[in-house]
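Take a look at the structure below.
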Amino acid sequence: MIELDAASFLLQWAVGGLFFTWVTTRRREVGIGYGWMMRITFGLMAVASIVVSRFLDPVPVRDLAAVGVVIGTAIAFVVSYQRRAAGVAGQREGGERRTARVAAMTGIDKDER
């Protein structure tokens, strides 16, 4: 029979939610605040996984993975916070620079959007 372990449940939801957040925010199709909210929410779920595990049933490998998820989430949040000023315009400028570099190398010019 399958047992429902609260710490594993929280960690699985946190990892799944962070993956979904990565998919939805990687091309800046949603606002920056959405990404921050999702990272904070799922990061706190990973922290809750560690806390619940300490009181109920510690599993060293899962707890170490949860610590890794918390650290990764914190790093992603800090990087996002540092890049907040670029916004959509910064994303487009970066794309235009890459397009110009490829056009210079290949001679193929892509039309602007």
### Within 6.0 Å of CZ in F20, more than 12 heavy atoms from elsewhere
no

### Message
Check for me, please, whether V47 and I75 land in the same ILVMFWY cluster - side-chain distances under 4.5 Å, paths through other members count.
### Response
yes

### Query
Which pair of heavy atoms, one from G43 and one from V70, lies closest together, and at what distance?
O-CG2, 4.2 Å

#### Entry: Interatomic distance, T41 atom OG1 to M38 atom CE [nearest 0.5 angstrom]
7.0 Å

### Task
Please examine the side chains of V52 and F9, heavy atoms only from C-beta on, and report whether any two atoms are closer than 4.5 Å.
no

#### Entry: Atom pair CD1/OG1 of I40 and T21 - distance to nearest 0.5 Å
11.5 Å

### Message
Please say yes or no: joined through hydrophobic side-chain contacts below 4.5 Å, possibly via intermediate residues, are M37 and V15 part of one cluster?
### Response
yes

### Query
Sub-3.5 Å donor-acceptor pair from the side chain of S53 to the main-chain atoms of S49, do we have one?
no

### CG-CZ distance between D57 and R62, expressed to the nearest 0.5 angstrom
6.5 Å

### Message
With a 4.5 Å cut-off on side-chain heavy-atom distances among I, L, V, M, F, W and Y, is there a chain of contacts connecting V69 to V51?
### Response
no

### Query
Any idea which heavy atoms bring L56 and A6 closest together, and the distance?
CD1-CB, 4.5 Å

### Task
Examine W13 together with F42 and report whether their ring centres are nearer than 6.0 Å.
no

#### Entry: Co-membership, hydrophobic cluster, residues V61 and I71, 4.5 Å side-chain
no

### Message
Testing L11, D63, V67 one by one against I50 for a side chain to side chain contact (heavy atoms under 4.5 Å, CB included), which residue passes?
### Response
V67

### Query
Between V23 and F19, is any pair of side-chain heavy atoms under 4.5 Å apart?
yes

